[in-house]
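Okay, so here's the structure we're looking at.
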Amino acid sequence: MGPALRQQRGFSPDDVSHGGPLTAVIMCRHIHIIFAQMQGPQMILTHATLATMDGPLIRDGAVVLDGDRIAWAGPMADLPHRGEALDLQGRLVTPGLIDCHTHLVHGGTRAAEFEARLNGASYEEIARAGGGIASTVAATRAASEAELLRSAQMRLDQMRREGVTTVEVKSGYGLDIETELRLLRVARRLQGADVVTSFLGAHAIPPEYKGHADAYLDEQALPALRAAHAAGLADAVDGFCEGIAFSPAQIERVFLESQRLGLPVKLHAEQLSNLHGAALAARFGALSADHLEYLDEDGARAMAAAGTVAVILPGAFYTLRETQLPPIDLLRRHGVRMAVATDYNPGTAPMTSLTLAMNMACTLFRMTVSEVLQGVTIHAAAALGLTDRGRIAPGLRADLAIWEAADPAELGWRIGATPLHARIYGGRLDA
Ligand code: NIG
Ligand code: FE
């Protein structure tokens, strides 16, 4: 925690010349609402630059937290509260960042594949030769639950140090019933950020089912999905629709089962080719379609109509030295909301830095500062189907990031260092 965050005595209830909160109720309608909701301990952040995601930056702003909820946010001049205050001296405050697409839990590394690619092998060649995802599957199956938890927690801690307060975590490196469930159990045990899980049994065809994708779905992925749902381990269902993974017809089978179970869906779509996966996902009301380098106009139109969020993943684009840019202008034209995520995974995006993903989305894809900030807050929340976070507004979760910065452009501007000053998660301050 920086020195400026030492708790300072700000306003005191005793200073209120007209009396306590009850008097305030009579004075101002907003105060009535706030005090009616006040239950937990309060924290007041003062003299902040607020990116509420609900309007323009508020230059001299304040936020009032009540336990694990935001009670009030607005200009200092309108601050209705008296209490302990943290003077932020102009620092930027954003919602806690949301990384809405990660493969955080796995065993092993993929450093050898990194070297193979440096020597000219392509991602698809490596996958077809039994490397790639399959090598991580072998390492993951061999890892104990404790080992998986330790390494995933370490990666999550790196994310937390960049202001992340909510993270989506997929399974997909087990590819058998038992290991898929183990990955989701590990995800549920992660500490220090809110975890949203996605079941990704349809990530790759494991070696023992090579050439028998439908049998794999029947015997492993779909039973694992049902078991994960029954155990409350899956918040959503994902798939990888690609030549080296599952066909649209196979993904549709997974989505039909998800629909039957009442689970929302999302899809890795149009990453390496255009199989019209985004339109398929939209037909199932998907929360998001992710990657999208090869998305066409029909796909964008379908996503817009369904309210499906486009999750932009520049880390994988960068690692694979992809040249096909995701159609950002097309998404803008059709009004598709865009999120930005790390896609942390050991193969195509061994990157835990969400601010680096913001930088890459700006530099490689020409997304604007405002778009990438929305992409890791309000639109990332939408990609997870969450309405209780991603903005700074009364009633929402008290998850905030305080930055050693005065302007949102500074978050994506720096490379290799993140200017986080402190993080507030569930109303608690950590640094
Ligand atoms: O999101 N596209 C498929 N899945 C991952 C890559 C997984 C891997 O290579 O291990 C992704 O890029
Ligand atoms: Fe992914």
Side-chain angles (χ1 to χ4, degrees), residues 99-114 116-117 121-141 151-152 155 167-175 179 183 187 196-207 236-246 250-251 254 265-275 277-278 281 286-295 309-322 324 326 339-352 354 357 360 380 383-384:
D99 193 341
C100 68
H101 181 138
T102 85
H103 307 248
L104 210 61
V105 189
H106 66 84
T109 81
R110 295 267 282 283
E113 173 186 324
F114 173 65
R117 281 204 311 272
S122 77
Y123 181 66
E124 282 177 274
E125 280 162 10
I126 291 168
R128 290 192 193 283
I133 294 177
S135 73
T136 299
V137 170
T140 302
R141 287 176 177 172
S151 64
R155 295 187 276 270
V167 62
E168 185 259 14
V169 176
K170 303 175 194 299
S171 68
Y173 287 119
L175 307 184
T179 319
L183 297 182
V196 179
T197 59
S198 298
F199 173 80
L200 179 55
H203 190 198
I205 298 137
V237 178
D238 197 351
F240 186 18
C241 186
E242 194 56 69
I244 54 169
F246 295 88
Q250 287 158 348
I251 293 296
V254 176
V265 301
K266 58 180 72 179
L267 191 64
H268 288 71
E270 274 77 278
Q271 181 186 9
L272 307 170
S273 63
N274 184 5
L275 298 186
L287 291 172
S288 70
D290 304 36
H291 287 289
L292 301 175
E293 277 79 348
Y294 288 83
L295 181 75
V309 176
V311 178
I312 303 299
L313 302 170
F317 176 95
Y318 165 86
T319 302
L320 298 178
R321 303 177 77 226
E322 180 60 77
Q324 174 85 18
V340 173
T342 59
D343 189 18
Y344 169 83
N345 73 75
T348 63
M351 160 174 116
T352 46
L354 192 52
M360 289 177 168
L384 299 178

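Any value given below was found using the heavy atoms of this structure, including those in side chains, with hydrogens, waters and symmetry copies removed. Start at 1 and go down the list; that is how both ligands and their atoms are numbered. The first residue of the sequence shown is numbered 1, and numbering continues consecutively from there.
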Original post:
Where do His103 and Leu200 land on the side chain to side chain contact (heavy atoms under 4.5 Å, CB included) test, with the steps shown first?
Top reply: CA-CA 9 Å; His103 307 248; Leu200 179 55; 3.5 Å; yes

Subject >> side chain to side chain contact (heavy atoms under 4.5 Å, CB included) assessment of Leu320 paired with Gln271 >> reply: CA-CA 11 Å; Leu320 298 178; Gln271 181 186 9; 3.9 Å; yes

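- Residue contacts to the Fe ion (ligand 2): Asp290 brings no N, O or S atom closer than 2.8 Å.
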**OP:** Please assess Arg321 against Arg117 for the test side chain to side chain contact (heavy atoms under 4.5 Å, CB included), listing each intermediate value before the final yes or no.
**Re:** CA-CA 10 Å; Arg321 303 177 77 226; Arg117 281 204 311 272; over 6 Å; no

**OP:** Verify side-chain hydrogen bond (donor to acceptor under 3.5 Å, both in side chains) between His101 and Asp343, making sure each step is shown before the conclusion.
**Re:** CA-CA 5 Å; His101 181 138; Asp343 189 18; 2.9 Å; yes

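- Residue-level check: among N/O/S atoms of His103, NE2 sits closest to the Fe ion (ligand 2).
- In terms of protein heavy-atom proximity, atom 4 (N) of ligand 1 is nearest to His203 NE2, 2.9 Å.
- Taking the six-membered ring wherever Trp is involved, the centroid distance between the rings of His106 and Tyr344 falls below 6.0 Å.
- Each of the following atoms of ligand 1 lies closer than 4.0 Å to a heavy atom of Tyr123: 6 (C), 7 (C), 8 (C), 9 (O).
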Original post:
When you look at Leu272 and Glu322, which way does the side chain to side chain contact (heavy atoms under 4.5 Å, CB included) test go after all the steps?
Top reply: CA-CA 9 Å; Leu272 307 170; Glu322 180 60 77; 4.3 Å; yes

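- Pro350 is not listed as a side-chain neighbour of Arg110, based on a closest heavy-atom distance of 4.5 Å or more.
- Using a cut-off of 2.8 Å, one finds that His268 contributes an N/O/S atom close to the Fe ion (ligand 2).
- Residue Cys241 holds its SG atom at 12.5 Å from CG of Asp290, rounded to the nearest 0.5 Å.
- Nearest N, O or S atom of Asp343 to the Fe ion (ligand 2): atom OD1.
- Residue Arg110 approaches ligand 1 through these ligand atoms, each under 4.0 Å from one of its heavy atoms: 8 (C), 9 (O), 10 (O).
- Close approach of ligand 1 to His103 (heavy-atom distance below 4.0 Å) involves ligand atoms 1 (O), 4 (N), 5 (C), 11 (C).
- In this pair, Tyr173 and His203 present their aromatic rings perpendicular. The plane angle is above 60°, beyond the 30 to 60° band.
- Look at His101 and you'll find a heavy atom under 4.0 Å from some atom of ligand 1.
- In this structure, atom 11 (C) of ligand 1 lies nearest to the protein heavy atom Asp343 OD2, 3.2 Å.
- Looking at Pro326 and His291, their side chains never come closer than 4.5 Å, going by heavy atoms from C-beta outward.
- Distance from atom 2 (N) of ligand 1 to its nearest protein heavy atom, with residue and atom name: Gln271 OE1, 2.8 Å.
- Scanning the protein for heavy atoms near atom 12 (O) of ligand 1, the closest one is Thr348 OG1, 2.7 Å.
- Atoms of ligand 1 lying under 4.0 Å from at least one heavy atom of His291, given by number and element, are 1 (O), 2 (N), 11 (C), 12 (O).
- Protein heavy atom in closest approach to atom 7 (C) of ligand 1: Tyr173 OH, 3.2 Å.
- Looking at atom 3 (C) of ligand 1, its nearest protein heavy atom turns out to be Phe240 CE2, 3.4 Å.
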